[in-house]
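Index from 1, following the sequence.
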Amino acid sequence: MAISFPAPARLRRAFIALGCLALAGAAFAQSPAAWPTKPIRVVVGFAPGGSTDVMARILAQSLTESLGQTVLIDNKPGASGNISAAEVVRAAPDGHTFLIAPTSVETANPSLFKSTLLPSRDLSPVATVGRTQMYLVAKPQMNAKDARELVALARAKPGTFSYASAGTGTPPHLACELFKQATAVSATHVPYRGAAPALQDVLSGQADFVCDPGIAFPHIRTGKAKLLGIVSAKRSPFFPEVPTIGEQGFPGADLDIWFGMWAPNGTPPEVLARMSREIGKALAQPALKSRYADLGAEPVAMDTPEFRKLLAEEGAVLSALIARQKIVVD
C-alpha cells in the first residue's frame, strides 16, 4: 500500500496553524477573561474593627462568592491611609491587589502630608463601595436642641466651645471645620486617635460636640447624646426627621465620608470593569444593605466615571478648605 506524505508547503502551513493555536491558548489562559486566577488581596489602611475595615470585610464576603476566589483583607494602618495606598502602588497590576479606603486618601491627604504619593496619579479608581454621613452630635448637657441653638450659644461665648475629632485631617475633623466656616463660630479643635475616643469625651462632657460618622447612633437613641443636625447635603435615612445643617440656615456645611476601591496603575481595563460591575451587584443585595445599616452606612454604588467625578469635586473642596483654615497634621 502506498503511503502519501503532505507536500512541504502544506506541512509548513500545518505547523504554523498548530503554533498559532498554541499561542492563542496561552494568551487565553493569561487573559483578563480568566481573572481572577488566585486569591485577591484588599489592602485597608485602618485597624480591624473600624468603619473602613468592617465595610471592606462585608463586601469581601460577597465578592468571594461572585468571583469564585477568596478575597482577603490585609490591614496596613497608618498616615490616614497613605501607608496602605503606597502598598498598592507597589503591587503588581495583575488584578489581584486592590485598596479600599475613604476618598480622603486622594482628596485630602495630598494637601495634609508631605509625601511623594499622589493617588490621583499613582492609582486607578475602580468604584465607590459605600458612604456614611456625618452627624453633629453634642454632649448630653448641651442646652441646645438643634444646630441653630448651638450656633447662638457659641456666638454668645466666643472661644469657650470645643469639638472633638478622630484626628487632625480626618473627615470628621474636616466636616467640623466646614461647620465652623458655614456658621462663623469659634471652637477649639481637640484631636483624638479615632472616632470612638472622640465620641467618648463628648458623652462625658469633656468636649462640647463632634462630627460623628455614625458610631453615636446607640447613644443618640438612648438620650445619652444630642443629635443637632446632619452635616450632609441631604437628610439621613436613619434619622429622617432631623434637618441638615443647610436646612437650618447654614449652607455649605456638608461632607459625607465616601469609601472607594482603587487598583495599581496598569491593571487591565477589563478587570477594572468587571470588578466595578461585581461591586455594584454586591451593593444591591438586601443582606449587604442590612449589614451596612448596622454601621450607619449606605451601599451607594458609583461606577468608575462617576467615582472619578466625585474625587475631583471633593478634592477641590477639601484642598481649598485645608488651605483656608491652615490645617496642619501634627
Engineer: Between CG of Asn82 and CG of Asn109, what distance do you get to the nearest 0.5 Å?
Structural biologist: 4.5 Å

Engineer: Quick check on the 6.0 Å ring-centre criterion: do Phe179 and Phe250 meet it?
Structural biologist: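 When the ring centroids of Phe179 and Phe250 are compared, they turn out to be at least 6.0 Å apart.
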
Engineer: Apply side chain to side chain contact (heavy atoms under 4.5 Å, CB included) to Asp212 and Val202, showing your working.
Structural biologist: CA-CA 10 Å; Asp212 179 80; Val202 172; over 6 Å; no

Engineer: With distance as the sole test, does Glu106 use its side chain to make a donor-acceptor pair with the main-chain N or O of Thr103 at under 3.5 Å?
Structural biologist: no

Engineer: Give a yes or no on whether the backbone of Phe46 and the side-chain of Asn75 come within a donor-acceptor separation of less than 3.5 Å.
Structural biologist: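 Between the backbone of Phe46 and the side chain of Asn75 there is a qualifying donor-acceptor contact (under 3.5 Å).
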
Engineer: Hey, what do you get for CD1 (Ile245) to CG (Leu255), rounding to the nearest 0.5 Å?
Structural biologist: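 It comes to 12.5 Å.
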
Engineer: With side chain to side chain contact (heavy atoms under 4.5 Å, CB included) as the criterion, how do Trp258 and Leu311 come out once you've worked through the C-alpha distance, each side chain's angles and the decisive distance to 0.1 Å?
Structural biologist: CA-CA 9 Å; Trp258 286 91; Leu311 290 167; over 6 Å; no

Engineer: For the atom pair CG (Leu123) and CG (Asn265), what is the distance rounded to the nearest 0.5 Å?
Structural biologist: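 The distance works out to 6.5 Å.
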
Engineer: Does Phe209 have its ring centroid less than 6.0 Å away from the ring centroid of Phe161?
Structural biologist: no

Engineer: Test of understanding: clusters of I, L, V, M, F, W, Y form through side-chain heavy atoms closer than 4.5 Å, transitively. Do Leu178 and Val190 belong to the same one?
Structural biologist: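 Unlinked, Leu178 and Val190 end up in two clusters.
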
Engineer: Hey, could you give me the OG/CZ distance between Ser62 and Arg291, rounded to the nearest 0.5 Å?
Structural biologist: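 One gets 10.0 Å once the value is rounded to the nearest 0.5 Å.
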
Engineer: Would the distance check show the side chain of Thr64 and the main-chain N or O of Ala60 forming a donor-acceptor pair, the cut-off being under 3.5 Å?
Structural biologist: yes

Engineer: Honestly curious: do Ile279 and Val271 fall in one hydrophobic cluster under the side-chain, below-4.5 Å linking rule?
Structural biologist: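 Ile279 clusters together with Val271.
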
Engineer: State, to 0.1 Å, how close Pro172 and Ile257 come at their nearest heavy-atom pair, and which atoms those are.
Structural biologist: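 Nearest heavy atoms, Pro172 then Ile257: CD-CD1, 4.4 Å.
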
Engineer: I'd like to know if the side chain of Gln248 reaches the main chain of Leu228, judged simply by a donor and an acceptor atom lying under 3.5 Å from each other, with no hydrogens or angles considered.
Structural biologist: yes

Engineer: Would a hydrophobic clustering, with Ile, Leu, Val, Met, Phe, Trp and Tyr connected at side-chain separations under 4.5 Å, put Met142 with Val210?
Structural biologist: no

Engineer: Main chain of Ser162, side chain of Asp208: is a donor-acceptor contact present, judged purely on distance under 3.5 Å?
Structural biologist: yes

Engineer: Taking the side chain as every heavy atom from C-beta outward, state whether Ile40 and Leu63 have any atom pair closer than 4.5 Å.
Structural biologist: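 Answer no - side chains too far apart.
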
Engineer: Just by distance, do the side chain of Ser232 and the backbone of Asp254 share a donor-acceptor pair under 3.5 Å?
Structural biologist: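 No; zero donor-acceptor contacts below 3.5 Å.
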
Engineer: Within the side chain of Trp35, is there an N or O that forms a donor-acceptor pair under 3.5 Å with the backbone of Gly95?
Structural biologist: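 Pair found, side chain donor or acceptor close to backbone of Gly95.
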
Engineer: Closer than 3.5 angstrom, by distance alone: can the side chain of Thr128 be matched with the main-chain N or O of Val300 as a donor-acceptor pair?
Structural biologist: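 Indeed, once roles are kept as given, a pair shorter than 3.5 Å links the two residues.
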
Engineer: Any ion pair linking Glu149 and Lys226 (charged N to carboxylate O, less than 4.0 Å)?
Structural biologist: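 Result for this pair is no, no salt bridge flagged.
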
Engineer: Can you classify the ring geometry of Tyr163 versus His189 as parallel (below 30°), tilted (30 to 60°) or perpendicular (above 60°)?
Structural biologist: parallel

Engineer: Counting distance only, does the side-chain N/O of Arg155 pair as donor-acceptor with the main-chain N or O of Thr183 below 3.5 Å?
Structural biologist: yes

Engineer: One thing to verify: whether Lys180 and Glu177 come together as a salt bridge, which I'm taking to mean a side-chain N less than 4.0 angstrom from a carboxylate O.
Structural biologist: yes

Engineer: Any side-chain to backbone donor/acceptor pair from Gln181 onto Gly252? Under 3.5 Å, distance only.
Structural biologist: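 It does not hold such a pair.
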
